[in-house]
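Here's the structure we're looking at; comments come further down.
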Amino acid sequence: MPPTKKPKQRSIQWFGRQDIYGFIYRSWVKNRGVPNDQFDGRPVIGICNTWSELTPCNTHFRVLAEHVRNGVLEAGGFPLEFPVMSLGETLLRPTAMLYRNLASMDAEESMRGNPLDGVVLLGGCDKTTPSILMGAASVDLPTIFVSGGPMLSGKYRGQDIGSGTNVWSMSEDLRAGKITLEEFHEAESCMHRSHGHCMTMGTASTMASMVEALGVALPGNAAYPAVDARRNVLARMAGRRIVEMVKEQLVLSKILTKPAFENAIRANAAIGGSTNAVIHLIAIARRIGVDLALDDWDRLGEGVHTLVNLMPSGKYLMEDFCYAGGLPAVLRELGENGFLNRDSLTANGRSIWDNVRNAECWNRDVITPFKSPFKRNTGIKVLRGNLCPDGAIIKPSAATPKLMKHRGRAVVFESIEDFHKRIEDPKLDIDETCVMVLKNCGPKGYPGMAEVGNMPLPPKLLKKGITDMVRISDARMSGTAYGTVVLHMSPEAAAGGALALVENGDTIELDVAKRKLHLDVSDAELKQRKAKWRAPRPPLERGYWRLYYDHVLQAHEGADLDFLVGKSGAFVPRDNH
Ligand code: FES
């Protein structure tokens with residue numbers, strides 16, 4: 001059947017053909033009962049689904065996708081759902097981050113190689129959001145994001161408990177003998193009791209907030225619980241909206257502009273968001289062609305306060321954040337205080353300011369006013385020095401203020417296994433003034449830059465009541481974790497960074513106000529140590545691990561693969577037969 005209108009969509013180059021190829025492209029799709037009129041040139045919408053039972057946070061995504069599908073149909077589009085690699089934070093080893101770039105390639109090629117005019121991205125668990133958004137950025141179709149939403153608050157013996165955050169604290173309580181193993185097991189069942197992703201302001205909630213602040217998602221995307229009916233309405237509205245976006249040719253690069261990234265960075269500071277957002281946003285920006293660097297985080301976060309009192313920086317959970325007004329109420333505060341680029345375009349076709357200017361806050365204990373914030377001036381700080389010439393980061397909102405300026409003796413762990421082997425030893429030569437140093441956990445070293453930077457404290461110090469120490473590494477930290485933890489040191493130890501040269505007993509100086517992290521060892525001595533240093537072998541000689549090892553960029557560049565930076569656009573590949 002010839003198309004009834006003159007579509008500009010790329011899908012017409014599949015479904016609008018009146019030759020053998022058109023037969024092939026249409027006929028196989030019809031095998032599940034698709035009527036002929038679906039090929040009349042209407043927008044074809046991909047629903048990019050990261051559903052997987054191996055990703056517990058995304059197991060409700062079949063239902064979510066159905067709501068998107070209904071919205072697409074209501075708006076006169078033709079929905080086609082497709083799966084992409086899904087990355088579950090809790091099950092996938094050695095770390096889901098190792099596969100973020102692989103999943104992004106899957107998403108990118110699936111979008112470009114298929115007859116799609118626009119795409120709805122469904123992400124939830126930490127890495128599922130940046131992976132598919134990175135892939136989409138390299139294609140640059142009209143794109144809208146729908147997050148899966150957080151779980152309901154954990155409830156344990158009359159108390160709220162939060163994903164991750166209370167896992168760390170309860171495991172330290174168990175090690176310190178403060179709770180029994182039975183109580184520990186009971187808490188497991190009470191913590192995660194509904195569909196959805198971690199309900200602290202961890203990486204998943206942070207990235208859901210980031211896509212909303214970037215304007216790629218509809219207002220309200222970050223906070224509605226996964227099981228709240230409004231989450232399904234949001235999915236349905238996104239399905240309707242993407243059809244319009246195709247007609248308007250509102251491609252992703254019109255939304256993902258530098259001002260939009262600036263909004264996201266400030267929003268991250270205001271929500272007390274995850275340090276992982278630093279790496280992911282830089283990687284996404286570099287895909288779409290926006291010049292975003294580590295120092296932008298420090299510069300833009302300056303003067304922004306943490307407004308949201310959520311774990312791990314505070315006490316509430318995402319459900320409370322939703323009832324208090326969610327991200328729109330935070331963005332309004334930023335906008336009223338000169339920290340929002342108000343004109344940034346969003347997926348619904350309106351400016352971000354139009355979306356949030358009337359947003360109400362219903363609980364000022366959860367979302368504090370900018371004038372009397374929960375914590376002051378707590379944007380991510382970027383550190384430099386002979387230990388990290390390309391940068392390292394610290395999240396002040398999760399750190400202990402008195403440790404932000406500190407000199408201490410280094411206690412060095414050569415790998416995470418070395419750490420686990422020695423940390424419980426009562427004879428370990430360490431006290432609370434020491435600086436814990438962990439090596440070989442960066443992109444190449446782990447491989448994949450695991451979330452092990454928030455090293456648990458030695459039991460003998462926990463028993464003394466010590467709750468925080470300065471810890472430095474080339475690793476990442478879970479967004480749900482906390483402490484005076486310096487992360488993402490670049491270059492990493494396995495790439496020959498100075499971190500590799502630190503020895504037990506060296507003195508390390510941290511001064512966050514001066515943005516300084518310094519190893520108090522002479523250049524001549526470091527040169528001698530470097531001469532003896534040997535680069536580690538790749539963790540595997542073949543396969544994706546090898547590809548990753550050979551091509552991964554350092555943390556300050558977003559830890560993308562070097563050949564994935566940039567975009568190839570939405571060109572239509574040649575015919576397949
Ligand atoms: Fe999936 Fe935390 S484990 S979001």
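Counting convention: from 1, in listed order, for ligands and their atoms alike.
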* Asked: Do D560 and R287 meet the salt-bridge criterion of a basic N to acidic O distance under 4.0 Å?
  -> yes

* For ligand 1, the residues whose heavy atoms come within less than 4.0 Å (ordered by chain, then number) -> C57, E89, T90, C125, D126, H197, C198, A204

* **Full working for side-chain hydrogen bond (donor to acceptor under 3.5 Å, both in side chains) between N348 and N355** => CA-CA 9 Å; N348 65 7; N355 287 343; 2.9 Å; yes

* Residues R69, E81: salt bridge by 4.0 Å N-O rule -> yes

* Donor on one side chain, acceptor on other, R476 and T203, under 3.5 Å -> no

Per-pair distances, 0.1 Å, donor-acceptor, side chain in residues 139-154, under 3.5 Å, sequence neighbours excluded:
from, atom 1, to, atom 2, distance (Å)
D140, OD1, L252, N, 3.2
D140, OD1, S253, N, 2.7
D140, OD1, S253, OG, 3.3
D140, OD2, S253, OG, 2.7
D140, OD2, K567, NZ, 3.1
T143, OG1, L141, O, 2.7
S147, OG, N221, ND2, 2.9
S153, OG, E319, OE1, 3.2

* **Between S313 and S397: side-chain donor-acceptor atoms closer than 3.5 Å** => yes

